[in-house]
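All chains are named by letter (A, B, ...) in the order of the sequence lines, taking the proteins before the strands, and each is independently numbered beginning at 1. Keep in mind the model is a prediction, meaning the values are calculated, not measured.
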Amino acid sequence: MKKIDRRFFLKAMGVTAATLAVGTSKTIASDPAQEVGDLPELKGILFDATKCKGCHGCEYDCAWEHGLTEPDVIDEDEHRKTDHTRRTVVNKYNTSKGKVFVKTQCMNCNDPACGTACLTEAMYKTKDGSVIWREDKCMGCRYCMVSCPFEMPKFEYHSTNPKIQKCDMCYHLQQQGEMPACAYNCPNEALYFGTRRELILEANKRIAENPDLYYPHIYGEHEAGGSSWMYISPVPFEELGFNTKIQNKSYPALTKGFISSIAPVDILLPATLLGIYEATKKPKSGTHEKEELS
Amino acid sequence: MNKAAPQPLYLDNRENNTFRFILNELKPKGKIFTPFNIISIPVIITGLIIMYIRFTQGIGSVTNLSQEVPWGLWIGFDVVTGVAFAGGAYVLVFMVYILNLEKYRPIVRVTVLNGFLAYLFYSAALLLDLGRPLNIINVIIGNNFGVSSVLFLVGWHFLLYMLALLLEFSPAIAEWLNARKAHKFLSGLTLAAVIFGITLSVLHQSGIGALFLMAKDKIHPLWYNSYMPLMFVVSSVFGGISMVILEGSISSKVFEYQLDKDHHKQHDSILHGLSKICAVGMFVYFFMQILVFVHQQNMPYLFSPMGYWFMLELLGFVLLPMLMFFQSYRTHNIGMIKVASVLTLLGIVLNRMNISIIAFQYDAAMRYVPTWQEFIVTFTIIFIEIWVLRWIITRMPVLRKSPDWAKSNH
Ligand code: SF4
Ligand code: SF4
Ligand code: SF4
């Protein structure tokens, strides 16, 4: 009897282990959320680097709109990053086609790593496309910062009630039917606001009509599973300081395998343990007797 | 057990006494000016002041955390490393309660207690690190369930596991309070607590590895791989056991008066058995690392500073102690087991710190180096934990034998 028990439970344990192993390695799983993210209704903004003149106007607009400090005198040669005081920066790059300006901010990914990371759903992808941060939910664990491949959530380290700062495509303005502040105010039409579908069509049109002017790639169409912010540029994006390591698969897909293996382990492992316990249990009477089974 | 005792009356009478008894137990026992106290008291006071500053002026006022490196020593060491160190509790209860290996029963209580206190204090470290700690309530009351978040799952498994550990330890508390009825009830829950505790452990140990899965582009490829969750579980087995070996050796010296005579012989035989588990666990782990290394074609990274650092971790602090464990198992060399366990623990520190801090954002312009305040707070947490541990061991039947009346309930 006991032998059969043991064999059975070893098998059960094997199944559990296999579930765990398969679960953790199966990271290239197909990703349904990505399809949801691709819904054409999602809003986005297309940045056209051939049009941006580097006036930094959007930096001021963004600061005013979100009650942040106005940018200081801007050193053109410094490659600045966004931080807790500025949600967006425009930097100059000297490229093979001369100087090119690039605006940086959170990409508002279709399937955002920050949103999947967040355990309180403070980081949240809305149906309009904005990835918003909700003050009343965030517990300041900064796991979103660890996970975001673009390093965009920024934390107020010197506050006793710190906020996360990042671009949310001016969600509050969009709620009132208005355009994001930077896109509305850009004097050079470098920022084009619309649905993702419109933006991709428009970007492809511009590239097709002016093949000499544009490098044939829309950054953000597929990177990190696609994002609401997208870019077209005259030069390859490596020259503009874009992170070249970004994968096309969405980042949350990397943890899907693990997450889906949790439930089976939670169920199978206790059963297995109970089985092993029963199989190795000594006869109740006389704990000091030797186990008489093989 | 004799059932004739008039139970309700008996309990009523005790209520008063229990209260006085606890008051009495709260008073310090033993000498005040031991070397440990002389070192730990100033550290703890400084640490508490730093914590006060942290809550009044923000995390940035006492740490070197930055926008690029959002998790530092408090998470990387206290939580990520500490949880691996506390892994001994689930491995030992598995051996004693599930596999019925009676040999290890004498050390199971102290290990469970260590595990419980470790988790309690690491959660405190975690709270210190949260920018908006009050909102943690959202996760607990279910205001918002980020069920796709690894951290959410780790948090819940962590919390429930603390409960399981408390239940596993609770018979000792009942013995201390001489609460016989409660003891019987709590002992009856042990098996259930053990089974769920092991399950919860496997999942949160692996979950801590899974936390870093999305940081794919930030962690050096020698350390990042999609098998991190599995590696974290395996390394928590031998890391936890090494901690048991080390702690056991220290506490059997410090608390010698609590132990009976045949303890020493018994203890050596326990260490001997544990060294075998470590050796096998490390062999599996080493093999997995090699497989991943080959599979990911990591060779080009090997001859660089990060590569040498990786080799130091894997050869010096995994392969070497593994061989020492094998060797000492064959030759019954108890001293070598202790050295190997220290090396193993250093290897775990290296591995966890590499993944969470050193190889994280390895190409960032500004490297993160913890401030002295971060170190002091870390030590403060460890010291307070040791104080509590000592308080409990000198009072409850943790190392010493349970009272006779409690035996039949096991
Ligand atoms: S860029 Fe980062 S912060 Fe912004 S939505 Fe994507 S993952 Fe979130
Ligand atoms: S810091 Fe806030 S927004 Fe970011 S993951 Fe933690 S709880 Fe979510
Ligand atoms: S969309 Fe709004 S938040 Fe984002 S960069 Fe523009 S102004 Fe700032």
Which answer fits V69(B), side chain, backbone, both or neither, if we ask what part of it has an atom under 4.5 Å from a heavy atom of chain A? backbone
Options C138(A), P149(A), C141(A), ranked by heavy-atom pairs under 4.5 Å with chain B, top entry: C138(A)
What is the minimum heavy-atom distance between G131(B) and P162(A), and which atoms define it? O-CD, 3.3 Å
Surrounding NZ of K81(A) (heavy atoms of other residues, nucleotides or ligands, distance under 6.0 Å), is the total greater than 12? no
Option that, when pairs with chain A are counted at under 4.5 Å, heavy atom only, ranks first among T56(B), L126(B), L211(B), L99(B): L211(B)
Is F293(B) atom CZ crowded by more than 12 heavy atoms from other residues, nucleotides or ligands, each under 6.0 Å away? yes
Does any backbone or side-chain atom of S159(A) lie under 4.5 Å from a heavy atom of chain B? Answer side chain, backbone, both or neither. backbone
Take I59(B) and F155(A) through the test side chain to side chain contact (heavy atoms under 4.5 Å, CB included) and record every step on the way to the result. CA-CA 10 Å; I59(B) 297 175; F155(A) 187 74; 4.2 Å; yes
Part of I136(B) within contact of chain A (heavy atom distance under 4.5 Å): both
Euclidean distance, E151(A) CD relative to Q67(B) CD, rounded to 0.5 Å: 10.0 Å
For the pair V150(B) and I259(A), evaluate side chain to side chain contact (heavy atoms under 4.5 Å, CB included) and give the outcome as yes or no after the intermediate values. CA-CA 7 Å; V150(B) 178; I259(A) 298 274; 3.9 Å; yes
Separation of N138(B) CG from K137(A) NZ (nearest 0.5 Å): 6.0 Å
From CD1 (I262(A)) to CH2 (W156(B)), nearest 0.5 Å: 14.0 Å
Please flag which part of I246(A) lies under 4.5 Å from any non-hydrogen atom of chain B: side chain, backbone, both or neither. both
Does a sphere of radius 6.0 Å around NZ in K92(A) hold more than 12 heavy atoms from other residues, nucleotides or ligands, not counting ones at 6.0 Å or beyond? yes
Mind checking what makes side chain to side chain contact (heavy atoms under 4.5 Å, CB included) contact with V91(B), not counting sequence neighbours? M95(B), V237(B), I241(B)
Within this structure, what is the CD1-OG1 distance for the pair I98(B) and T272(A), rounded to the nearest 0.5 Å? 10.5 Å
At their closest point, which heavy atom of R142(A) faces which heavy atom of L65(B), and how far apart are they? NH2-CD1, 3.3 Å
Tell me if a side-chain donor or acceptor on Y157(A) pairs with a main-chain N or O of T63(B) at a distance below 3.5 Å. no
Assess whether atom OH of Y124(A) is packed by more than 12 heavy atoms of other residues, nucleotides or ligands within 6.0 Å. no
Looking at every non-hydrogen atom in both residues, tell me the closest pair between V146(A) and K218(B) and how far apart they are. O-NZ, 2.9 Å
Should the pair E135(A)-R132(B) be classified as a salt bridge under the 4.0 Å nitrogen-to-oxygen rule? yes
Taking atom OH of Y52(B) as the centre, does the number of heavy atoms from other residues, nucleotides or ligands within less than 6.0 Å exceed 12? no
Just list the side-chain donor-acceptor pairs under 3.5 Å for residues 191-202 of chain B, sequence neighbours left out, or say none.
unit_1	atom_1	unit_2	atom_2	d
T199(B)	OG1	I195(B)	O	2.9
S201(B)	OG	Y161(B)	OH	3.4
S201(B)	OG	G197(B)	O	3.0

Scored by heavy-atom pairs under 4.5 Å with chain A, the best of S61(B), G58(B), G60(B) is G60(B)
Smallest separation among heavy atoms of Y277(A) and Y97(B), with atom names: CD1-O, 3.1 Å
For the residue pair Q247(A) / K216(B), report whether a side-chain donor-acceptor contact shorter than 3.5 Å exists. yes
Answer key: most heavy-atom pairs under 4.5 Å with chain A among L151(B), I75(B), L153(B), N225(B) is L151(B)
Roughly how far, to the nearest 0.5 Å, is the OH atom of Y251(A) from the CG atom of L213(B)? 13.0 Å
Could you look at S356(B) and say if it's the side chain, the backbone, both or neither that has a heavy atom under 4.5 Å from chain A? neither
S149(B) versus A117(A), closest heavy-atom pair with distance: OG-O, 2.6 Å
Which atoms of S66(B) come close to chain A, meaning under 4.5 Å heavy atom to heavy atom: side chain ones, backbone ones, both, or neither? backbone
Distance check, rounded to the nearest 0.5 Å: M214(B) atom CE versus F258(A) atom CZ? 12.0 Å
Using a 6.0 Å cut-off, check whether atom NZ of K245(A) has over 12 heavy atoms from anything other than its own residue. yes
